[in-house]
Amino acid sequence: MTKGRASAPAKIILFGEHFVVYGNPAILATIDRRITVTAKKAKDGKVKIKSDIASGEFDGSTFRLIEGANARATLEPLYFAAKHSLDARKQKGGLEIEIKSDIPYGVGLGSSAASLVATIAAVESLLGRADKKKVCESAIEAEKIIHKNSSGADCYVSTFGGMINYSKGGGYKKIEAKGKLFLVIGDTGIKHNTGELVSSVRKLKEANQMAFSGMMSQAKDMCAQALTAIDNGNTDHLGMLMNESQLLLERLGVSHEKADELIEVAKSAGAVGAKITGAGGAAR
Ligand code: PMV
C-alpha cells in the first residue's frame, strides 16, 4: 500500500468530565466534525507532519520547524505514536503525514485525541492493518505526553464512535438513545490547556479530600440518572442533570465567565439544560 488514510471524530462529554480521571463513569458522544489523516512512506527515515496549525520534521531527536507556534510540542505526541508503529514493525523508513481538521482545537471537543486516533489508524493501515483496540491503546499512551493523567475517555469515544458510558479501567459500553437528543454546541473561542485544568482539579482534591469525595458521589449518581433519562427519552430530566453537573464543575473552578454567559443565553433561548463540555476553563 502506498497511502494510508483514516479519519476520527470530535466528541462532547455529556456527564462526568474531570471526575472520570479518578475512576468515575462518564457519558460521551462523538459529533459530526472530523480529522482526516493521510500517511505515506518516505525513504529518508524522517517523519514529516503537516497540519493547519503546525508543521515540522522529526529526524531522530532533531526537529526541523516548518511552521506554527509551539509546533514541536503540538506534533511530538503524533510523532511518538507514528514512530511506535514503525518500530513495532521494524520499519527503518520515514513517513509523510498530512492532517486536515474541521475540529476547533483546545475548546473541549477532543481534537488532540481525534488527531492521535486518525494518525495512528492511517499509519497502521499504511504499514499493515489498523486494529481499533491497538489504535486506541496507542492513542492513550501518546495522549499522556499531552497530559499525564489522561482518563483515556476521549481516545475511546473517538476510536469506537457513537455514545458511550466509559470508565477508566472499566472500558466502555455503547448507549442507544431511545429518542433524538437535540444538542447545540456553542464555542466561546476561548482556548484551554487540559493538563493545567486537570492539575488544578487535583490540587483542589488534595486540599479537600472529603468535599471532593462527596462531589465524586454526586457526579456518579448524576451519571446513573442520566443513563436512565437517556434510556427513557426523558429530556427534561436530562436537562436538569446537565444544570446540576454544571454546578459541580463550577465548584471545581473549571467554568469560565464566557461559558457562563453562553449557558445563560442557551437557557433563555429555551434550552432545558446547559453545561460546559470537556476540561473547561482557559489557558493561563
Ligand atoms: O477538554 P478536553 O477534551 O481535553 O477534555 C478532557 C476531559 C477531562 O476529563 C478533563 C480529562 C480526561 O482525561 O478525561
Side-chain angles (χ1 to χ4, degrees), residues 8-31 33-35 53 73-74 77-78 101 103-118 136-137 139-161 163-172 183 185-205 212 215-216 218-220 222-223 226 242 245-246 248-256 258-259 262 275-284:
K11 67 96 211 355
I12 49 168
I13 302 182
L14 284 159
F15 293 93
E17 50 271 269
H18 286 289
F19 300 102
V20 68
V21 171
Y22 304 98
N24 251 20
I27 299 176
L28 299 98
T30 47
I31 59 170
R33 291 253 177 168
R34 300 183 82 85
I35 283 185
I53 55 168
T74 306
L78 299 164
S101 172
I103 307 176
Y105 69 96
V107 296
L109 295 179
S111 68
S112 54
S115 64
L116 282 166
V117 169
C136 184
E137 279 164 9
I140 292 172
E141 274 318 299
E143 210 195 22
K144 287 182 182 157
I145 303 169
I146 306 169
H147 83 107
K148 66 176 190 300
N149 293 310
S150 165
S151 69
D154 286 16
C155 293
Y156 260 90
V157 76
S158 188
T159 306
F160 297 103
M163 194 188 290
I164 65 167
N165 177 13
Y166 173 83
S167 74
K168 201 173 167 177
Y172 75 97
L183 295 162
I185 302 164
D187 180 5
T188 58
I190 293 170
K191 309 258 178 241
H192 68 209
N193 177 319
T194 303
E196 281 174 6
L197 284 145
V198 170
S199 299
S200 78
V201 171
R202 181 171 293 274
K203 280 194 194 121
L204 185 127
K205 173 182 179 283
F212 192 81
M215 286 195 262
M216 284 282 283
Q218 284 181 53
K220 191 174 175 183
M222 277 176 211
C223 230
M242 276 190 169
S245 157
Q246 172 63 16
L248 273 189
L249 292 163
E250 283 170 19
R251 279 177 66 198
L252 290 184
V254 297
S255 198
H256 184 278
K258 284 277 171 214
L262 208 50
K275 65 183 280 292
I276 61 164
T277 184
R284 268 180 251 144

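For ligands, and for the atoms within them, numbers begin at 1 and follow the listed sequence.
Among the candidates L197, V107, V254, the single residue satisfying the side chain to side chain contact (heavy atoms under 4.5 Å, CB included) test with H192 is L197. Just one of M222, Q218, M215 meets the side chain to side chain contact (heavy atoms under 4.5 Å, CB included) condition when paired with F19; it is M215. Just one residue in the list D154, L14, I12 forms a side chain to side chain contact (heavy atoms under 4.5 Å, CB included) with L28, and that residue is D154. Exactly one of Y156, F160, Y172 qualifies for a ring-ring contact (aromatic ring centres under 6.0 Å, His included) with Y166. That residue is Y156.
The side-chain heavy atoms of Y22 and K168, taken from C-beta on, include no pair separated by under 4.5 Å.
Pocket lining of ligand 1, defined as residues with a non-hydrogen atom under 4.0 Å away: K11, I13, E17, H18, V20, V21, G108, G110, H147, S150, S151, D154, H192, T194, V198, G278, A279.
To the nearest 0.5 angstrom, S158 atom OG is 7.5 Å from R34 atom CZ.
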